[in-house]
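Written out below as structure tokens is the structure these notes cover.
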Amino acid sequence: EAGVAQSPRYKIIEKRQSVAFWCNPISGHATLYWYQQILGQGPKLLIQFQNNGVVDDSQLPKDRFSAERLKGVDSTLKIQPAKLEDSAVYLCASSFWRGGEETQYFGPGTRLLVL
Amino acid sequence: GNSVTQMEGPVTLSEEAFLTINCTYTATGYPSLFWYVQYPGEGLQLLLKATKADDKGSNKGFEATYRKETTSFHLEKGSVQVSDSAVYFCAREDSGGGADGLTFGKGTHLIIQP
């Protein structure tokens, strides 16, 4: 079974530029998450989708971050304009329910450096 | 809000030593608890989980018991190997009902010396 795919793996941009990340979840997984992992910290949830609807975006900085999952499969996360403090690894995860339990599977992440 | 606190690293041990990595969580709701591992150059992998009080999760010789009375989920292994060197993250579900985001600790870097 293929895992969660993310691209690009690395991205370097200058502050105030825009950037977009792409995620393809495991086939059949209805729930998709984006997390931000700053160096030396644990991942922090940005947004959760259930199919193509947003379940939780309370920690998403909506003035500069946006995300969509139009057809309930792939998702994109965009930052516009980027700030220095956005330098981090952006992780996508997808999950399924089995027996009343959820297991999240993570992609390899996109490492963003903002100069 | 929810939080997870785990011991600061790095933790350096000799091969075959006993390992404990402490983890405590805020007691909001009845969350499932998880340990994820990140090996050098790789993504986050689920190591083990427990979904209710007194459950024990186990995998690859690692164990953790869901202790509701102490709000803890400490990770243990009886005899560590060099290949266990990685960063370990403790995490809890945000609300414990339905598909949910996770709140992670800061991670503990484990270094096993031969």
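Worth saying up front: this structure is predicted, and the values here are computed from it rather than measured. In the text below, chain A, chain B and the rest are named by the order of the sequence lines, each starting its count at 1.
- Other residues sharing a hydrophobic cluster with Leu113(A) under the 4.5 Å side-chain heavy-atom criterion for ILVMFWY residues are Ile12(A), Leu115(A).
- Side-chain heavy atoms closer than 4.5 Å link hydrophobic residues (I, L, V, M, F, W, Y) into clusters, and following such links, possibly through other members, connects Phe65(A) to Phe21(A).
- Contacts of Ile47(A) with chain B are absent, with no heavy-atom separation under 4.5 Å from either backbone or side chain.
- Leu47(B) and Val4(A) fall into different hydrophobic clusters, where Ile, Leu, Val, Met, Phe, Trp and Tyr side chains are chained together by heavy-atom contacts under 4.5 Å.
- Residues satisfying the side-chain contact (heavy atoms from CB on, under 4.5 Å) criterion with Asp74(A), sequence neighbours excluded, are Trp22(A), Asn24(A), Pro25(A).
- Remark: Lys62(A) NZ is packed, more than 12 non-hydrogen atoms of other residues, nucleotides or ligands lying under 6.0 Å away.
- The structure places CG of Leu102(B) at 8.0 Å from CG of Leu45(A), a figure rounded to the nearest 0.5 Å.
- What you find for Phe89(B) and Gln41(A) is that their closest heavy atoms are CE2-O, 3.9 Å.
- For chain B, the nearby part of Tyr35(A) is the side chain; its heavy atoms alone come within less than 4.5 Å.
- Against chain A, no residue from residues 6-18 of chain B qualifies, as none has a non-hydrogen atom under 4.5 angstrom away.
- Hydrophobic clustering of Ile, Leu, Val, Met, Phe, Trp and Tyr side chains at less than 4.5 Å, counting indirect connections, unites Tyr88(B) with Tyr66(B).
- The shortest non-hydrogen separation linking Leu46(B) to Thr103(A) is CD2-CG2, 3.6 Å.
- By the neighbour-count criterion of 12 heavy atoms within 6.0 Å, atom CD of Glu14(A) is sparsely surrounded, having that number or fewer from other residues, nucleotides or ligands.
- When all heavy atoms of Gln37(A) and Gln38(B) are compared, the pair lying nearest together is NE2-OE1, 3.8 Å.
- Judged as a ring pair (Phe, Tyr, Trp, His ring centres under 6.0 Å), and not counting sequence neighbours, the contacts of Tyr36(B) are Phe106(A), Phe104(B).
- With a 4.5 Å cut-off on non-hydrogen atoms, Gln59(A) does not touch chain B at all.
- Grouping the Ile, Leu, Val, Met, Phe, Trp and Tyr side chains by contacts below 4.5 angstrom, directly or via other members, places Leu110(B) with Phe73(B).
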